[in-house]
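What follows is a single structure, written as structure tokens, with notes after it.
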Amino acid sequence: MAIVVQKYGGTSVGSIERIKNVAKRVIKARTSGKEVVVVVSAMAGETDRLIGLIKEITDDPPPREYDMVVSAGEQVSAGLLAITLCNMGCRAKALLAYQIPIITDSRHTSARIERINTESILKELEKGYVVVIAGFQGVDRAGNITTLGRGGSDTSAVALASALGAELCEIYTDVDGIYTTDPSIYEKARKLKKISYDEMLEMASLGAKVLQTRSVEFAKKYNVRLLVRSSFRDVEGTLVCKEDEEMEKVVVSGVTYNKDEAKISVVRVPDKPGIAARIFRPLTEEGINVDMIVQNISHDGFTDLTFTVSEKDFKRAFELVKRVAQEIGAKDVEGDTSIAKVSIVGAGMRSHAGVASRMFETLAKEGINIQMISTSEIKISCVVDVKYTELAVRVLHDAFGLEEEEVKEEK
Ligand code: ADP
Ligand code: ASP
Ligand code: MG
């Protein structure tokens, strides 16, 4: 029998009523002849609540114990769904990561899945159970509970689908697919029928949190077909798959934003070999990822160096850079957390010129100043003042004609 993995996000299991609704979907798939493995997130708001409890104690908890706390939400929703299924006459068993096990490395709070023992799951499926698995969590080789980073249940689902050789991984959420931009900030956003792994990867890593970036990396690497769809409405979703002939031939397929970034500028740094290495080495050693980097041309032997980090790393990064700045004789270090990165993404950019200038002109027309720019083959990102985020997304969405009806397929 074919296996299907269904993942339900926080809103979809946000109340008992909603869990009952999920159970009905699971039973429908089961009665259509599929073996069903379900991955669940914590009930909406629960992970934030758990993090809040930790924050009442400290801003700097031991990562192992942090994972112990924040992984707990998924245990509850997995159990509740299994109970609901049993109550509806469908044999179901809930499993935590360590019971499978889903083995990860030991990088607490952002662990990576290394191996999944599918034997335990297959055994339960054979016995006729629906298996409900707590997402977001893993266990390292020493038996410590780990978590996969915010939004990590998506990655649990894709990794399980790949390990089990599932025919499809369905991601059920509170929107009915992947849109040209976040539908909660622009009503003209349009749902896409299909999107390539590469485009989805860029969109996710540039802020479209509908899928965790790592889940898309995983899906691409192991060729897992991903279908993003609504758990509330029975409508067609969006398929994330290999780029193919049928995909829309557009230059730009989406606009994304990320408000969780911060900017650090090192002012009047002596312009000599080795300086950038001195500044960035301590950040790397602390596991802080640097995103965009801009260095000004030096006129009098001094230069300004500006870069962005994620907002959660800002305080630590700022302190580290201030220390280095003193050592290398820089004049000052400035920080700014009220920035956002707005990006356009599209595989069609590879073969089209003029996309960047259209983006810059569109922002200029609205008086939006661009603070930093970065590009890759299929994306262009601009850092702007956070207060312009929504406006920038909307005008770019309009400028690239994303709201238009899909091009009709030839008959
Ligand atoms: P879940 O709890 O089901 O994992 P998330 O909140 O993590 O759900 O992701 C779904 C949300 O992602 C949507 O409510 C939507 O606001 C947001 N989102 C951001 N960008 C997009 C996009 N391009 N297409 C669809 N949804 C998006
Ligand atoms: N519950 C976790 C979170 O809120 C994981 C997930 O929802 O995917 O980040
Ligand atoms: Mg999510």
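Counting convention: from 1, in listed order, for ligands and their atoms alike.
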query: N/O of G10 under 3.5 Å from N/O of ligand 1, yes or no?
result: yes
At the 4.0 Å heavy-atom cut-off, does [X] count as touching ligand 2?
| X | result |
| --- | --- |
| E46 | no |
| G151 | yes |
| G10 | no |

Tell me: protein heavy atom nearest [atom], and distance?
| atom | answer |
| --- | --- |
| atom 3 (O) of ligand 1 | T173 OG1, 2.6 Å |
| atom 14 (O) of ligand 1 | D174 OD1, 2.9 Å |
| atom 17 (C) of ligand 1 | D182 OD1, 3.8 Å |
| atom 6 (O) of ligand 1 | K209 NZ, 3.3 Å |
| atom 3 (C) of ligand 2 | R150 NE, 3.4 Å |
| atom 23 (N) of ligand 1 | Y179 O, 3.0 Å |

Going by heavy atoms, is [X] under 4.0 Å from ligand 1?
| X | value |
| --- | --- |
| S153 | no |
| K7 | yes |
| S12 | no |

message: Holding to ring pair (Phe, Tyr, Trp, His ring centres under 6.0 Å), I want the full list of residues that pass it with Y186, two or more places apart in sequence or in another chain.
response: H397
query: Taking only residues two or more places apart in sequence or in another chain, which ones pass side-chain hydrogen bond (donor to acceptor under 3.5 Å, both in side chains) with D336?
result: S338
message: Heavy atoms only, cut-off 4.0 Å: how does M203 contact ligand 1, side chain, backbone, both, or neither?
response: side chain
message: Can you name the atoms of ligand 2, numbered from 1 with element, that are less than 4.0 Å from a heavy atom of S41?
response: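 In order of number, 6 (C), 7 (O), 8 (O).
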- request: Verify whether the ring centers belonging to F232 and Y172 lie closer than 6.0 Å.
  value: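 No, the ring of F232 stays outside the 6.0 Å limit from the ring of Y172, centre to centre.
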